[in-house]
**Student:** 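Structure provided below as structure tokens; questions to follow.
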Amino acid sequence: MLQQTPVARVAPVWHEWLARWPTPTDLAADAPGEAVRAWGRLGYPRRALRLHAAAVAMTEHQAGTVPSTETELLALPGVGTYTAAAVATFAFGERTTVVDTNVRRVLARVISGEEYAAPSPTRAELTVAAGLVPLDAVEARTWSVAVMELGALVCSARSPRCSECPVADLCAWQLAGRPSYQGPARKGQAWEGTDRQLRGALLAVLRASDVPVPRSSLEALSDNEIQRERCLDSLVADGLVEPLSRDRYQLPASREAS
DNA sequence: TAGCCGTGGTT
DNA sequence: TAACCAAGGCT
């Protein structure tokens, strides 16, 4: 849930989920569409599908327990480099290298002397991060949470609070006079009129309905037929939407969402 | 690896 | 106020 989503927005939904589905087995027993519905407006709803799929995998292959090693975690759907390392470290105490957007920014500044990290993680960046992690597993875990928190609370993206920073005196960016970012242009996401916007609107209609929705209700969301069909098709392909007979649609009820 | 995938608070 | 950006993953 926290992937690309601020803690403050995740917290209430997370509590609802744990009250409803206390264990992976509980979640796996419900339809994937219920996960998508309970995801609400957190965004990137494919994460809900993957979380459900991960629950199914844990239920089927490990008696409903969460794997305790980074390697096993990586095999779960929706669990990538960051999440596997974070869970392995924070939940199970494994000594690994946790690199999220906060860590990348802190190291870019403190070590490399640049305002922002590159648009996408580089090999060199991960090597540097790994080299900074303490050898002791307990200290390594403390290190990771500390760097993440420093990035989130002090070394923030927009207006860093350098006057409050505990490592300002050894920060390469600070020592260089806080030069502005010179690297390759950063993405910048368009929104108005995009497929993402329409997919979100389509899914919002389906989430709000307890009964199958007729195609006509979905068509009302856009006059662009080409885009409309493309988005609906992609939602079906993603397993987020299930087409029924008589031109009706619903959130996936079947057990095997991709 | 670059592009795609949502949403809403912050600056 | 329009951008920016957030505990990324997948193809």
Side-chain angles (χ1 to χ4, degrees), chain A residues 1-14 36-37 39-54 70 73-91 96-108 115-126 129 141 143-153 155-161 180-181 183-207 221 227 230-241 257-258:
Chain A
M1 288 176 171
L2 290 166
Q3 292 164 359
Q4 294 283 280
T5 309
V7 175
R9 269 181 46 217
V10 165
V13 179
W14 178 72
V36 174
R37 192 189 306 279
W39 195 256
R41 303 187 64 79
L42 283 182
Y44 292 145
R46 292 188 293 191
R47 294 182 296 168
L49 227 41
R50 292 178 186 140
L51 189 45
H52 182 273
E70 185 174 23
L73 286 160
L74 258 181
L76 293 172
V79 176
T81 310
Y82 160 72
T83 304
V87 174
T89 297
F90 301 136
T96 56
T97 306
V98 181
V99 178
D100 75 333
T101 186
N102 292 302
V103 174
R104 295 189 62 222
R105 185 177 54 252
V106 169
L107 298 189
E115 185 177 19
Y116 298 116
S120 54
T122 64
R123 178 79 63 185
E125 208 178 310
L126 300 181
R141 178 164 55 174
W143 165 265
S144 289
V145 71
V147 179
M148 286 177 65
E149 288 297 290
L150 183 65
L153 303 178
C155 195
S156 53
R158 298 282 200 98
S159 39
R161 300 156 176 75
S180 59
Y181 181 72
R186 298 138 86 224
K187 343 189 181 189
Q189 305 175 338
W191 176 246
E192 203 60 35
T194 61
D195 284 9
R196 288 207 286 192
Q197 183 186 37
L198 185 51
R199 279 170 55 106
L202 288 165
L203 209 55
V205 169
L206 291 167
R207 271 200 316 265
L221 292 173
Q227 185 184 35
R230 182 174 66 236
C231 288
L232 195 49
D233 286 348
S234 71
L235 285 169
V236 171
D238 285 347
L240 284 164
V241 172
S258 50

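Letters go in sequence order (proteins before strands), and every chain restarts at 1.
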**Student:** Looking for any heavy atom pair under 4.0 Å, which part of the strands does A:Thr83 touch: base, sugar-phosphate only, or nothing?
**Tutor:**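 Sugar-phosphate, no base atom in range.
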**Student:** Over how many whole Å does the gap from A:Glu115 atom CD to C:dC5 atom P extend?
**Tutor:**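 Interatomic distance, CD of A:Glu115 to P of C:dC5: 9 Å.
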**Student:** How long is the span from the OH atom in A:Tyr44 to the CZ atom in A:Arg50, to the nearest 0.5 Å?
**Tutor:**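 Here the rounded value is 11.0 Å.
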**Student:** Are any side-chain N or O atoms of A:Arg47 and backbone N or O atoms of A:Leu42, one a donor and one an acceptor, separated by less than 3.5 Å?
**Tutor:**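 Looks like yes, one N/O pair under 3.5 Å.
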**Student:** Is there a side-chain contact between A:Arg199 and the phosphate of B:dC5, meaning an N or O under 4.0 Å from OP1 or OP2?
**Tutor:**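 Checking B:dC5 against A:Arg199, no side-chain N or O comes under 4.0 Å of OP1 or OP2.
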**Student:** To the closest 0.5 Å, what do you measure between CD (A:Glu149) and CG (A:Asn102)?
**Tutor:**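 So the CD of A:Glu149 and the CG of A:Asn102 are separated by 8.0 Å.
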**Student:** If you define the side chain from C-beta out and look only at heavy atoms, does anything of A:Gln3 sit under 4.5 Å from A:Thr83?
**Tutor:**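 Answer yes - side chains close enough.
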**Student:** Once you apply a heavy-atom cut-off of 4.0 Å, does A:Ala157 come out as touching a base, just sugar-phosphate, or nothing?
**Tutor:**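 Touches sugar-phosphate only.
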**Student:** Side chains of A:Thr97 and A:Leu126, heavy atoms from C-beta outward: is any pair under 4.5 Å?
**Tutor:**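 Of all side-chain heavy-atom pairs linking A:Leu126 with A:Thr97, none is under 4.5 Å.
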**Student:** How about A:Val36 and A:Leu203: do any of their side-chain heavy atoms sit closer than 4.5 Å?
**Tutor:**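 A side-chain contact under 4.5 Å exists here.
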**Student:** Any base atoms under 4.0 Å from A:Ser159, or only sugar-phosphate, or nothing? Heavy atoms, all strands.
**Tutor:**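 No contact.
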**Student:** Find the distance A:Gln197:CD to B:dG6:P and express it as a whole number of Å.
**Tutor:**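 Checked: the CD to P distance equals 12 Å.
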**Student:** Is A:Thr101 close enough to C:dA6 that one of its side-chain N or O atoms is under 4.0 Å from OP1 or OP2 there?
**Tutor:**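 For A:Thr101, the contact criterion (side-chain N or O under 4.0 Å from OP1 or OP2 of C:dA6) is met.
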**Student:** Take atom P in C:dT11 and the same atom in B:dG6, then report the distance between them in whole Å.
**Tutor:**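 Pairwise P distance, C:dT11 against B:dG6, rounds to 14 Å.
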**Student:** Check every strand shown and say whether A:Arg123 touches a base, only sugar-phosphate, or nothing at a heavy-atom separation below 4.0 Å.
**Tutor:**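 If one applies the 4.0 Å heavy-atom cut-off, A:Arg123 turns out to touch nothing in the nucleic acid.
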**Student:** Have a look at A:Leu42 and say if it touches a base, only the backbone sugar-phosphate, or nothing, with a 4.0 Å heavy-atom cut-off.
**Tutor:**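 Counting heavy atoms under 4.0 Å across all strands, the contact made by A:Leu42 includes a base.
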**Student:** Return the value, rounded to whole Å, for the distance between atom CZ of A:Arg230 and atom P of B:dG3.
**Tutor:**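 For the pair A:Arg230 CZ and B:dG3 P, the rounded distance is 17 Å.
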**Student:** Atom CZ of A:Arg158 to atom P of C:dA3: distance rounded to whole Å?
**Tutor:**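 A:Arg158 atom CZ is separated from C:dA3 atom P by 12 Å.
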**Student:** To the nearest 0.5 Å, how far apart are CD in A:Gln197 and CD in A:Glu192?
**Tutor:**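 The CD atom of A:Glu192 is 4.5 Å from CD of A:Gln197, to the nearest 0.5 Å.
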**Student:** Given C:dA6, is OP1 or OP2 found less than 4.0 Å from the side-chain N or O atoms of A:Arg105?
**Tutor:**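 Yes, because at least one side-chain N or O of A:Arg105 sits under 4.0 Å from OP1 or OP2 of C:dA6.
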**Student:** Whole angstrom is fine here: how far is it from CH2 in A:Trp39 over to P in B:dC5?
**Tutor:**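 Distance, rounded to whole Å: 17 Å.
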**Student:** When you match A:Arg46 and A:Pro121 each to their closest nucleotide on DNA chain B, which lands nearer the 5' end?
**Tutor:**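 It is A:Pro121 whose nearest nucleotide is closer to the 5' end.
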**Student:** If I take atom CE in residue A:Met1 and atom P in nucleotide B:dC5, what distance separates them, rounded to the nearest angstrom?
**Tutor:**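 It is 22 Å, rounded to the nearest whole Å.
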**Student:** Is there a donor-acceptor pair closer than 3.5 Å between any side-chain N or O of A:Trp39 and the backbone N or O of A:Gly43?
**Tutor:**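 Yes; at least one donor-acceptor contact below 3.5 Å.
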**Student:** From C:dG8, B:dT10, B:dC5, pick the nucleotide closest to the side chain of A:Asp100?
**Tutor:**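 The answer is C:dG8.
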**Student:** Within residues 3-13 of chain A, which residues have any heavy atom lying less than 4.0 Å from an atom of DNA chain B?
**Tutor:**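 Listed by number, they are A:Gln4, A:Thr5, A:Arg9.
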**Student:** Base, sugar-phosphate, or nothing for A:Arg41, non-hydrogen atoms under 4.0 angstrom?
**Tutor:**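 The residue A:Arg41 makes sugar-phosphate contact but no base contact.
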**Student:** Without decimals, in angstroms, what is the distance between A:Arg47 CZ and B:dC4 P?
**Tutor:**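 It is 19 Å, rounded to the nearest whole Å.
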**Student:** Between atom CH2 in A:Trp191 and atom P in B:dG9, what is the gap in whole Å?
**Tutor:**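 Spelled out: CH2 on A:Trp191 to P on B:dG9 is 14 Å.
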**Student:** Please state whether the phosphate of C:dA6, meaning OP1 or OP2, lies under 4.0 angstrom from any side-chain nitrogen or oxygen of A:Tyr44.
**Tutor:**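 It does not, given that no N or O in the side chain of A:Tyr44 lies less than 4.0 Å from OP1 or OP2 of C:dA6.
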**Student:** Applying a 4.0 Å non-hydrogen cut-off, can you work out what A:Phe90 is touching in the nucleic acid: base, sugar-phosphate, or nothing?
**Tutor:**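 Here A:Phe90 touches no strand at all.
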**Student:** Identify whether any heavy atom of A:Pro119 sits under 4.0 Å from a base atom; if not, whether one sits that close to sugar-phosphate; answer base, sugar-phosphate or nothing.
**Tutor:**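 The residue A:Pro119 makes no contact with any strand.
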**Student:** Quick one: OG on A:Ser234 to CZ on A:Arg196, what's the gap to the nearest 0.5 Å?
**Tutor:**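 One gets 12.5 Å once the value is rounded to the nearest 0.5 Å.
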**Student:** Scan A:Gly80 against the nucleic acid and name what it touches under 4.0 Å (heavy atoms): base, sugar-phosphate only, or nothing.
**Tutor:**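 Sugar-phosphate, backbone atoms only, no base.
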